[in-house]
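Remarks on the structure that follows.
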Number of protein chains: 4
Amino acid sequence: MPDETTMTMTLPDGTTTGPFTLDDLKAATGKLKGMKADPDFDAAATTAYRVTAAELRQFIERYERLEQDRAGVAEDMKEVMAEAKASGYDTKVLRKLIALRKKDPADVSEEEAILEVYKAALGMD
Amino acid sequence: MPDETTMTMTLPDGTTTGPFTLDDLKAATGKLKGMKADPDFDAAATTAYRVTAAELRQFIERYERLEQDRAGVAEDMKEVMAEAKASGYDTKVLRKLIALRKKDPADVSEEEAILEVYKAALGMD
Amino acid sequence: MPDETTMTMTLPDGTTTGPFTLDDLKAATGKLKGMKADPDFDAAATTAYRVTAAELRQFIERYERLEQDRAGVAEDMKEVMAEAKASGYDTKVLRKLIALRKKDPADVSEEEAILEVYKAALGMD
Amino acid sequence: MPDETTMTMTLPDGTTTGPFTLDDLKAATGKLKGMKADPDFDAAATTAYRVTAAELRQFIERYERLEQDRAGVAEDMKEVMAEAKASGYDTKVLRKLIALRKKDPADVSEEEAILEVYKAALGMD
DNA sequence: GCAAACTGTCCCGGGC
DNA sequence: GCCCGGGACAGTTTGC
């Protein structure tokens with residue numbers, strides 16, 4: 001007597017199939033297998049992009065390596081923020097401050113000034 | 001003589017297959033077809049989730065309808081901003097102002113105050 | 001004897017100020033007050049953008065109204081997903097399916113086909 | 001005769017002020033200046049978070065340094081993708097492939113299988 | 001100037 | 001109950 005989670009499917013015509021186990025589903029999902037080449041194909045006349053396994057692998061592995069580096073840096077950034085938080089700083093404000101430092105001060109004060117005008121017009125001052 | 005974009009593939013073992021046209025590729029991508037039911041399966045002992053076509057379709061169509069509504073509203077929002085811009089307003093500042101109005105004024109002034117302290121500590125004032 | 005959270009600030013020159021309460025901080029954050037007009041200013045020669053309180057308010061209130069509409073729609077969308085989940089559907093897959101339906105089927109199958117080639121080249125099949 | 005961009009403001013009561021130049025606006029935006037300490041404040045009874053300029057600066061500079069590192073890595077990642085694209089690869093598919101490799105293969109095939117069932121139920125196969 | 005990619009933020013669902 | 005990770009969204013920047 002089976003005792004696992006399964007699915008049944010009612011089709012548009014009202015008939016029901018199943019139940020299927022998850023393994024059934026996985027098995028039924030066909031995969032591209034054994035694509036056969038056509039050696040008689042006249043390659044010379046085509047713009048054939050080479051999909052070279054070695055080359056592809058190179059790109060992907062370089063990229064994945066860089067992703068790891070980036071994750072490591074992101075981890076360090078989280079640690080800095082966690083330390084700051086533990087020291088009593090408000091990390092949300094810290095982030096805002098850091099963002100501010102990246103901007104041109106002139107732009108910042110202009111933006112602030114316009115904002116104040118708008119607030120004044122709305123009676124928010 | 002073919003004159004279309006194709007791909008060739010060099011496998012890990014050094015052999016090359018292809019060229020494949022895009023249609024080849026599409027044909028090779030197998031699809032789940034004719035999953036057969038097992039009528040002897042003892043459904044009573046399982047937690048069978050019903051995947052009813054009609055029910056599934058209901059959920060999806062309701063959701064898609066709502067997505068359309070949302071897109072319509074987003075479109076209107078863009079129009080309001082475009083009008084405001086045409087009237088000489090700085091939309092970036094407008095957005096900031098609207099965001100401000102959504103927040104609790106007490107939180108805003110507290111955050112601003114802390115920011116000023118941090119800026120002072122860094123000599124940014 | 002006070003019993004509230006305060007802040008002290010150590011400045012670059014080594015001196016310490018404070019403690020400040022949050023109310024101190026808020027009070028210290030100056031606001032734009034009483035900007036005085038210059039009635040002799042020759043407005044005719046300038047490209048003066050009118051910041052009319054009524055006009056500004058119109059734009060903002062229209063926008064905020066639309067934001068509310070959008071939030072309502074988003075709420076409905078959440079409800080649909082919650083119902084589907086309660087009926088046994090996998091909401092993550094549902095979202096993927098809905099996204100698929102929005103795309104041109106031809107693009108989807110082309111993309112899938114290329115992906116299969118790449119996977120084959122990497123031995124992931 | 002002035003010839004610069006200015007703003008005028010019409011207040012809720014119908015009166016108009018201005019015109020203001022951008023410099024006017026900037027000057028009017030008050031800044032926190034000379035916050036005075038209260039030396040008589042009984043610090044002992046409070047939970048005083050120290051905002052030490054040196055400490056704050058440490059956190060921020062560490063963080064900004066890490067941001068630079070991260071930007072450098074991101075730059076490298078962009079270069080890898082650009083190279084791959086120049087070699088004829090479809091970068092969109094490459095990204096998908098890389099994402100796939102990060103996931104547990106079992107989860108992927110389960111998800112795919114469920115998706116196929118849903119598509120079958122909707123007649124999308 | 002617009003459209004598309006990327007970053008940062010928010011919010012939700014899941015796990016301890 | 002809170003923290004954490006992932007997904008969705010808004011904002012920013014850059015290429016065409």
Side-chain angles (χ1 to χ4, degrees), chain A residues 63 66-67 70-71 73-75 77-82 85-86 90-104 107-108 111 115, chain B residues 63 66-67 70-71 73-75 77-82 85-86 90-100 102-104 107 111, chain C residues 63-64 66-67 69-71 73-86 89-99 102-103 107, chain D residues 63-64 66-82 84-86 90-96 98-100 102-104 107-108 111:
Chain A
Y63 197 89
L66 289 168
E67 274 188 331
R70 190 175 55 172
V73 175
E75 183 65 26
M77 291 169 78
K78 281 184 64 174
E79 278 172 35
V80 172
M81 277 298 167
K85 181 174 193 164
D90 181 325
T91 60
K92 187 170 179 179
V93 176
L94 275 188
R95 289 177 194 279
K96 194 164 286 188
L97 178 54
I98 289 166
L100 266 181
R101 282 162 62 94
K102 279 198 276 204
K103 292 190 190 173
D104 180 342
D107 292 350
V108 171
E111 221 174 83
L115 180 59
Chain B
Y63 197 89
L66 290 168
E67 275 189 330
R70 190 177 55 173
V73 175
E75 183 64 26
M77 291 169 77
K78 282 185 66 173
E79 277 172 34
V80 172
M81 278 297 165
K85 181 174 192 164
D90 182 325
T91 59
K92 187 170 177 177
V93 176
L94 276 188
R95 289 176 194 280
K96 194 165 287 186
L97 178 54
I98 290 165
L100 268 180
K102 275 198 283 206
K103 293 189 192 174
D104 179 343
D107 291 351
E111 222 175 82
Chain C
Y63 196 90
E64 286 175 342
L66 290 168
E67 275 188 331
D69 291 351
R70 190 176 54 174
V73 175
E75 184 63 26
D76 291 346
M77 291 169 77
K78 282 185 61 175
E79 277 172 33
V80 172
M81 278 298 167
E83 267 185 64
K85 181 174 194 163
Y89 293 94
D90 181 325
T91 59
K92 188 170 178 179
V93 176
L94 275 188
R95 289 176 194 280
K96 195 166 286 186
L97 178 54
I98 290 166
K102 277 197 281 204
K103 293 190 191 173
D107 292 350
Chain D
Y63 196 89
E64 286 176 339
L66 290 168
E67 275 189 330
Q68 286 184 341
D69 292 351
R70 190 179 53 173
V73 175
E75 184 64 25
D76 291 346
M77 291 169 77
K78 282 184 66 171
E79 278 172 32
V80 172
M81 277 298 165
K85 182 176 196 164
D90 181 326
T91 59
K92 189 170 176 177
V93 177
L94 277 187
R95 290 176 194 280
K96 194 166 287 188
I98 289 166
L100 267 180
K102 277 199 281 206
K103 294 190 192 173
D104 180 341
D107 293 349
V108 172
E111 225 174 80

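The sequence lines fix the lettering, A, B, ..., with proteins before strands; numbering per chain opens at 1. Because the structure is a prediction, the values reported are computed rather than measured.
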With Arg95(B), which residues qualify under salt bridge (charged side-chain N to carboxylate O under 4.0 Å, His left out), at least two apart?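 Arg95(B): no salt bridge (charged side-chain N to carboxylate O under 4.0 Å, His left out) contacts found.
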Which residues pass the salt bridge (charged side-chain N to carboxylate O under 4.0 Å, His left out) test with Lys103(A), sequence neighbours left out?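 Result, salt bridge (charged side-chain N to carboxylate O under 4.0 Å, His left out) vs Lys103(A): none returned.
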Which residues satisfy the side chain to side chain contact (heavy atoms under 4.5 Å, CB included) test with [X], sequence neighbours excluded?
X	answer
Lys92(A)	Asp90(A), Glu111(B)
Ile98(B)	Met81(B), Ile60(C), Tyr63(C), Glu64(C), Glu67(C)
Asp107(D)	Asp104(D)

What's the separation between atom NZ in Lys96(A) and atom CG in Leu94(A), rounded to the nearest 0.5 Å?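 Nearest 0.5 Å value for the NZ-CG distance: 12.0 Å.
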Between which nucleotides of DNA chain E, read 5' to 3', does contact with chain D run, using atoms under 4.0 Å from its heavy atoms?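 Extent of the interface on DNA chain E: dC6(E) to dG8(E).
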Quick one: side-chain hydrogen bond (donor to acceptor under 3.5 Å, both in side chains) partners of Glu79(D), sequence neighbours excluded?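 Checked Glu79(D) against side-chain hydrogen bond (donor to acceptor under 3.5 Å, both in side chains); zero matches.
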Measure the distance from [atom1] on [X] to [atom2] on [N] and round it to the nearest whole Å.
X	N	atom1	atom2	answer
Leu100(A)	dT12(F)	CG	P	13 Å
Met81(C)	dG6(F)	CE	C1'	16 Å
Asp107(A)	dG11(F)	CG	C1'	16 Å

List the atom pairs, donor and acceptor, that lie under 3.5 Å between side-chain atoms in residues 70-78 of chain D and the rest of the protein, sequence neighbours left out.
none

Axial bend angle, the helix from dG1(E)-dC16(F) to dC16(E)-dG1(F): five-pair end segments, nearest 10°: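 Inter-axis angle at the termini of the helix from dG1(E)-dC16(F) to dC16(E)-dG1(F): 0°.
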Do any N or O atoms of the protein come closer than 3.5 Å to N or O atoms of nucleotides 1-5 of chain F, and which pairs are they?
unit_1, atom_1, unit_2, atom_2, d
dG5(F), OP2, Lys78(A), NZ, 3.3

Please list, pair by pair, any protein nitrogen or oxygen found under 3.5 Å from a nitrogen or oxygen in nucleotides 7-10 of chain F.
unit_1, atom_1, unit_2, atom_2, d
dC9(F), OP1, Arg70(B), NH1, 2.3
dC9(F), OP1, Arg70(B), NH2, 3.4
dA10(F), OP1, Arg70(C), NH1, 2.4
dA10(F), OP1, Arg70(C), NH2, 3.1

